[in-house]
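To start, the structure under review is shown below, and the notes come after it.
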There are 2 protein chains.
Amino acid sequence: MEKAFRALASTPRRRILNHLAGGPMTVGEIAEQFDMAMPSISKHLSVLHDAGLVHQQKRGQHIIYSIAADNLANNLYAFLTPFCPEARKLSAERKKAREGVPERSDDE
Amino acid sequence: MEKAFRALASTPRRRILNHLAGGPMTVGEIAEQFDMAMPSISKHLSVLHDAGLVHQQKRGQHIIYSIAADNLANNLYAFLTPFCPEARKLSAERKKAREGVPERSDDE
DNA sequence: CTTTTCCATAGATACTTTCCTAATTAGGAA
DNA sequence: TTCCTAATTAGGAAAGTATCTATGGAAAAG
């Protein structure tokens with residue numbers, strides 16, 4: 001959770017996540033949208049990946065990044081639970097909703 | 001929201017929030033629980049307050065801090081909404097739950 | 001094999017954060 | 001006023017972060 005919060009404490013990284021909400025895309029496609037050198041984007045993506053907030057998938061020459069919405073939500077809900085009981089309820093609801101949905105995601 | 005995430009990207013600050021979940025308390029009471037000088041605690045609390053995550057209330061010589069659970073939750077839910085629709089639903093539920101509860105909090 | 005494309009890593013520099021001790025402000029009591 | 005306690009502010013050292021340019025390496029194309 002530590003890593004997740006540190007990763008989210010950066011406007012460029014949150015903007016990258018929002019951009020990724022539109023669907024999986026390559027580093028180059030992401031970099032086009034930001035006024036920042038590609039190595040910087042790459043670094044931000046590696047931070048997000050290290051925090052488990054995005055998935056990585058090699059596809060030939062390209063690397064496709066996609067958002068890890070579940071991990072994102074679970075981290076924040078887990079943090080919120082001590083402060084507001086509703087978070088616990090929603091967390092259970094999310095868990096139930098995922099049952100029966102095998103969805104084996106291909107990370108790395 | 002920027003301030004909220006930056007404030008939360010610190011283990012000591014998240015621990016302080018968890019401690020505050022037990023109820024309002026003074027800076028000194030908080031500082032007793034942490035192996036850190038009081039000025040450091042004070043600084044962390046000012047960061048949390050600047051981010052709107054805690055309330056401050058002067059009480060004579062003491063300053064009582066308490067958690068601002070609503071702002072905390074609203075920030076995180078607002079961030080999550082683009083990624084998972086359930087967050088929007090819960091956000092509405094929380095809002096509805098607050099209706100009819102005037103609760104004018106005394107900040108500053 | 002050579003070139004091009006896509007991305008990551010390395011190194012440099014500037015900036016920010018975190019923590020301490022010491023000093024300061026402010027309130028309450030003698 | 002004077003003293004004591006509570007909390008913040010100030011100053012500085014050390015560590016971390018962000019960004020750039022330059023370089024490296026793997027996959028596809030020529």
Side-chain angles (χ1 to χ4, degrees), chain A residues 1-20 22-68 106-108, chain B residues 1-20 22-68 106-108:
Chain A
M1 191 156 81
E2 167 73 6
K3 283 181 178 178
F5 274 108
R6 294 193 89 83
L8 292 174
S10 150
T11 302
R13 280 196 287 268
R14 287 195 308 278
R15 293 217 303 141
I16 288 173
L17 281 178
N18 267 284
H19 200 65
L20 274 177
M25 58 190 76
T26 69
V27 180
E29 285 168 345
I30 297 167
E32 284 174 6
Q33 304 296 321
F34 294 87
D35 190 20
M36 194 182 284
M38 197 191 302
S40 303
I41 299 288
S42 180
K43 180 72 167 143
H44 283 307
L45 284 168
S46 84
V47 170
L48 289 169
H49 184 255
D50 189 46
L53 302 183
V54 300
H55 294 300
Q56 236 178 19
Q57 188 180 2
K58 292 193 88 165
R59 196 80 176 186
Q61 192 174 1
H62 299 261
I63 297 181
I64 300 173
Y65 280 91
S66 55
I67 205 160
D106 40 13
D107 211 42
E108 203 76 352
Chain B
M1 191 155 83
E2 165 73 7
K3 284 181 177 177
F5 273 109
R6 294 193 89 83
L8 293 174
S10 151
T11 302
R13 281 194 289 268
R14 287 196 307 280
R15 292 218 302 141
I16 287 172
L17 281 178
N18 267 286
H19 200 64
L20 274 179
M25 57 190 78
T26 69
V27 180
E29 286 168 345
I30 297 167
E32 284 175 6
Q33 305 296 321
F34 295 88
D35 191 18
M36 191 181 289
M38 197 193 298
S40 303
I41 300 288
S42 179
K43 186 78 166 87
H44 283 309
L45 284 168
S46 83
V47 170
L48 289 169
H49 184 255
D50 190 46
L53 303 183
V54 299
H55 295 301
Q56 236 178 19
Q57 189 181 0
K58 293 193 87 164
R59 197 79 176 187
Q61 193 174 1
H62 299 263
I63 298 181
I64 299 171
Y65 281 90
S66 55
I67 205 161
D106 40 13
D107 210 42
E108 206 74 359

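A, B, ... follow the sequence lines: proteins, then strands. Residue 1 opens every chain. Owing to the predicted nature of the structure, the values given are computational and were not obtained by experimental measurement. Side-chain atoms are counted along with the backbone in the values below, which use heavy atoms only and exclude waters and symmetry mates.
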- Query: When the distance from CZ of A:R15 to P of D:dA18 is rounded to whole Å, what number comes out?
  - Reply: 15 Å

- Note on the structure: Tested for side chain to side chain contact (heavy atoms under 4.5 Å, CB included) against A:K3, the lone hit among A:D50, A:L8, A:L53 is A:D50

- Message: If I take atom CZ from residue B:R14 and atom CE from residue A:M1, how far apart are they, to the nearest 0.5 angstrom?
- Response: 5.5 Å

Could you go through residues 26-35 of chain A and list every donor-acceptor pair under 3.5 Å that involves a side-chain atom there, pairing it with any protein atom two or more places apart or in another chain?
residue, atom, partner, partner atom, Å
A:T26, OG1, A:E29, N, 3.2
A:E29, OE1, A:T26, N, 3.0

- Note on the structure: Listed range with range, the stems formed with DNA chain C by at least 3 consecutive Watson-Crick or G-U pairs (under 3.5 Å) are C:1-5 with D:26-30, C:7-30 with D:1-24

Please list, pair by pair, any protein nitrogen or oxygen found under 3.5 Å from a nitrogen or oxygen in nucleotides 25-30 of chain D.
none

Write out a two-atom table: protein N or O, nucleotide N or O from nucleotides 19-21 of chain D, distance below 3.5 Å.
residue, atom, partner, partner atom, Å
D:dT19, OP2, A:H44, NE2, 2.6
D:dC20, OP2, A:A37, N, 3.2
D:dC20, OP2, A:S40, OG, 2.6

- Item | Close side-chain approach of A:R15 to A:P12, heavy-atom, < 4.5 Å | no

- Task: Using the heavy-atom set of chain A and a strict 4.0 Å cut-off, write down the first and last nucleotide of DNA chain C that makes it in, 5' to 3'.
- Result: C:dT5 to C:dT9

- Answer with base, sugar-phosphate or nothing: what part of the nucleic acid does B:S46 contact at a heavy-atom distance below 4.0 Å? nothing

- pair B:Q56-B:Y65: side-chain heavy atoms closer than 4.5 Å: yes

- Note on the structure: CD1 of A:I67 to CE of A:M25, rounded to nearest 0.5 Å, is 9.5 Å

- Query: Partners of B:R13 by salt bridge (charged side-chain N to carboxylate O under 4.0 Å, His left out), sequence neighbours excluded?
  - Reply: none

- Message: Here's a test of your reading of the structure: between A:E29 and B:V47, which maps to the more 5' nucleotide of DNA chain C?
- Response: A:E29

